[in-house]
Amino acid sequence: MKTDFIPIDYDYFDFENRNYVKIIGRNSSGKRICILDTCPIYLWAILKDRVKEKKIQELIKKIQKIKIKTRDRETKVEKVELHEKNFLGKPVNALKIFATNYKDLHDIADHLAFAEIEKRRGYDLGFTSHYVIEKKLLPLQWYEIEGEEVSNSQEFGGLCKVLDVDFCVYLNNHTMLKDQEFKPKVLAYDIEADEFKIGEGEILMVSLVSDNFNKVITWKKNGDVKADYIEYVKDEAELLESFIKNVKEISPDFLVGYFSDGFDLPYLKVRADKNKIKFSLGLDESQPRFYRGAIPTGKISGIVHIDLLKFIQTAYSQYMQSETLSLNEVAKEFLGDSKKDFKFQHSSKLEDHQWKKYFEYNLHDSVLNYKLFEKFWPDLLEFTRIIQEPIFDISRNGMSNNVEDFIIHNLNKFNEIPEKKPGHDDIVKRRERKPYEGAFVFEPKPGLYEDIAVFDFTSYWPSIIVTYNLSKSTFLEKKEKNSTEVNVEKKFYFTKKPGFFPQMLKEIIEKRKQYKAELKVKSDPIKTARSNAFKLLANASYGYQGFFGARYYCPEASASVTAIGRDLTKKTINQINKHDYTVIYSDTDSISFKLNKNPKKQALELLKEINSTLPGIIELDLEGFFKRGIWVTKRSGDIGAKKKYALIDENKRLKIRGFETVRRDWCNLAREVQNKILNQILEDGNEKNALKYFKEIVKKIKSREFSIEEFTIRTQLKKPLSEYKTISPHVIAAKRMNELDLPISSGTLVEYYIAETGKKDKLVRDKVKLPNEPGEYNIQYYLEHQILPAVENIFQVFNLETKEIIDGKRQTKLCDF
DNA sequence: ATATACACGGATCCCCTATTTCC
DNA sequence: GGAAATAGGGGATCCGTGTA
């Protein structure tokens, strides 16, 4: 049969010792199709230089005879071919050694201890990656496929018969089609249970949201709530059965949750086990499979289970305003919507009239999940297409994995044999490496400045990698003729013959440029996010080379990137200073400078001039013009603080970096007060109003006019309690929570405040109280350790000693101004 | 489990010295 | 009067959270 087809979910199985791929997807009329296919499996044996033809032929014969007996099966080398390939950019002779099953590749590699063989590679890729590379049937791209329909056949042990799809096809050939829209079928879900620990309590309700479909399944009939979205069932067992039934009826491509890898899906599975119900969500009636990790991963056969939290974590968290990645905050930021108001209580404590709210709350969580998926779908799609791994993995992988997968799937264009993953010993050694020197940060002179321009290099590190061809495969052990020389601690040399990694990176940078251009035409949050996501992928490519787990680890390249970057930034600073401007500050790829009464147009001319001298694809861009900006001193000493500044543009929009205002581990009041003062000073151009405001605040604090919430300090636990060497206030707070049976773990955002104790406690931690513990905020602590530190350096710019305002002394210095 | 380095700043830890306390 | 305990100063270290 012939049809169009878009591959969505990839899985594989063994039949008669051979690997087969099982791809679930759709055609344009919405029919669900399963494709079965196989591909040759092989590894590479890279031969040493100058092995004679005769020797090679002998070697091939020897390898062809390899037979391996493992505990459960017998296998052999199927055939051996000689190829001319590249490895790390250098031409090599390599034997392509074919096997029956990809799981045998490791064993075969172990049997290749021949003197003629230099290295063995390509045995650690995984079958799905292998298949996609071999057959180029790429995820989420449209194809015309042709093959034999096997829907009702007994082949492969009757696999197709149990599969809940419209057609099962054994693939003969496929050609890529022009892109057309694909609107996936999405089902969002969310559960509510009494206990947080997986499977400890009963599941009270589960909500499901899809296109024109809203449902809450529950067995809690308290309050007799009537609503058309509620489906009442008898008990938890029926709830689970109804959940399975609903999923099967809707038959989504994507089942979407939030933290559902770590909560909803495993919870459902454990409760199903307890109720002796087979949790057969898969299209082949299989139960979800969980893969161990810090947080388990839940895979459902044929339906892509997406945990939005994971994708947001790797792709967006760095660029978000939200301080936590809770569904509520993320929904607020991306949807302008939030969770329904409902205070969690144990169901036994709920009164009848509260249940309606609970159901609505539960339903709305799924609504948010559904909407978030819609928001992120373009991004998931782009990431999947460019990286070429199944979306299930793309949505969960960290950035290093994404970069590496991108490389792996593009190696064939360069006739490259893949490098292997580092082994345990390599990793240990790599982790001991001293950090290489990073970016250059200019020490600012504290002060309030007027009329500022900010330039920045676009995708700085990646464009240096591309321009100077810096990577593992281009790194030279010794100086060669016509090579690039980089002065780091010693001299590093790189060939000028373009390497595959820099060339691939160029593609990512171009994508990023394209999205940024679109963003400039018309901005919306998702375009911003997408542009940032590609920026992240590009920047991660730089980090990747310095990452100990990378196949293409090359700290020499990373160190060279930053060395070149430091030089170029400094050179550009000098160039700007020479043109009658004054550089105030610079960090890595950005330079802020005073216009010194020169017109903006002139600064843009300078930008053009600089750009004409920049090498390769390196480009300097205008970040913006600003009316005023403030830089302050460090808390210790009187030198200018780096990574701390605030700017205001013509439209009174603030850009605050590094200040306590943007740090979540400071109490709200300190952050608010600092924000207002920065805003006021930058708007007014002087400190008068700000100072008046500050004095009022101090008075109010002293007369206890604020509530405890304003003083709550939030700090995240970054590891298990037992691993802390220093018992800091947030550790004490966490310990207290633990005693009260409140759930804490690595990652928990601990909240506490510093209270009056009446005693002469030396340590801050002795004054810690949890938000709901009765007490009064410690006036002295908050003034001296939160409010004052937040504003002191700002007023110091105007030669004001704020300490005296707190102590209530007369303001002598004020008159001096 | 894990992209990199640079940077700030609070709180505690730890060592040393000076002072106080105890017998 | 001498030894032990305590206080406090200051630098080192831990820790969380930013910027790029």
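Below, chains carry the letters A, B, ... as their sequence lines are ordered, and counting in each starts from 1.
- Contacts of A/Gly549 with the nucleic acid, taken as non-hydrogen atoms under 4.0 Å apart, are absent.
- If you check every strand for non-hydrogen atoms under 4.0 Å, A/Ser558 touches nothing.
- For A/Phe492, the ring-ring contact (aromatic ring centres under 6.0 Å, His included) partners are A/Phe475, not counting sequence neighbours.
- Look at CD on A/Gln786: it is 9 Å from C1' on B/dG10, rounded to the nearest Å.
- A straight line from OH of A/Tyr460 to C1' of B/dT4 spans 16 Å, rounded to a whole angstrom.
- Stems are defined here as 3 or more consecutive Watson-Crick or G-U wobble pairs with pairing distances under 3.5 Å; those involving DNA chain C are B:4-23 with C:1-20.
- Distances shown here put every side-chain N or O of A/Arg765 at or beyond 4.0 Å from the OP1 or OP2 atom of B/dA11.
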Per-nucleotide protein contact string for nucleotides 14-20 of chain B, where B marks a base within reach and S marks sugar-phosphate only (heavy atoms under 4.0 Å, - for neither): -------

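- Listed by chain and residue number, A/Tyr460 satisfy the ring-ring contact (aromatic ring centres under 6.0 Å, His included) test with A/Phe457 (two or more places apart in sequence, or in another chain).
- Between A/Phe711 and A/Phe706, the two ring planes are perpendicular [angle over 60°; tilted spans 30° to 60°].
- Atom NZ of A/Lys570 has more than 12 heavy atoms from other residues, nucleotides or ligands within 6.0 Å.
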Could you go through residues 288-296 of chain A and list every donor-acceptor pair under 3.5 Å that involves a side-chain atom there, pairing it with any protein atom two or more places apart or in another chain?
from: A/Arg289; atom 1: NH1; to: A/Tyr291; atom 2: OH; distance (Å): 3.3
from: A/Arg289; atom 1: NH2; to: A/Asp11; atom 2: OD2; distance (Å): 3.0

Nucleic acid footprint by protein, nucleotides 9-18 of chain C - heavy-atom cut-off 4.0 Å, B for base, S for sugar-phosphate alone: -----SSBBB

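- For residues 423-442 of chain A, proximity to DNA chain B is found at A/Arg431, A/Arg433, A/Pro435, A/Tyr436, A/Glu437, A/Gly438, A/Ala439, A/Val441, defined as any non-hydrogen atom under 4.0 angstrom from a strand atom.
- A/Glu756 meets the side chain to side chain donor-acceptor pair (under 3.5 Å) test with A/Arg704; sequence neighbours excluded.
- Residue pairs meeting the salt bridge (Lys or Arg N to Asp or Glu O under 4.0 Å) criterion with at least one partner in residues 713-733 of chain A, sequence neighbours excluded, are A/Arg714-A/Glu751.
- Judged as a salt bridge (Lys or Arg N to Asp or Glu O under 4.0 Å), and not counting sequence neighbours, A/Lys676 has no contacts.
- The aromatic rings of A/Phe501 and A/Tyr544 lie parallel to each other, their planes meeting at an angle below 30°, with 60° marking the opposite boundary.
- The shortest distance between the side-chain N/O atoms of A/Tyr553 and the OP1/OP2 oxygens of B/dT2 is not below 4.0 Å.
- Ring planes of A/Trp631 and A/Tyr585: tilted class, angle from 30 to 60°.
- Judged as a salt bridge (Lys or Arg N to Asp or Glu O under 4.0 Å), and not counting sequence neighbours, A/Arg765 has no contacts.
- The aromatic rings of A/Tyr781 and A/His785 sit parallel to each other, their planes meeting at less than 30°, with 60° as the upper class boundary.
- For A/Tyr258, there are no ring-ring contact (aromatic ring centres under 6.0 Å, His included) partners two or more places apart in sequence or in a different chain.
- The distance from atom CD of A/Glu443 to atom P of B/dC8 is 9 Å, rounded to the nearest whole Å.
- Going from atom CD1 of A/Ile727 over to atom C1' of B/dT12 covers 9 Å, rounded to whole Å.
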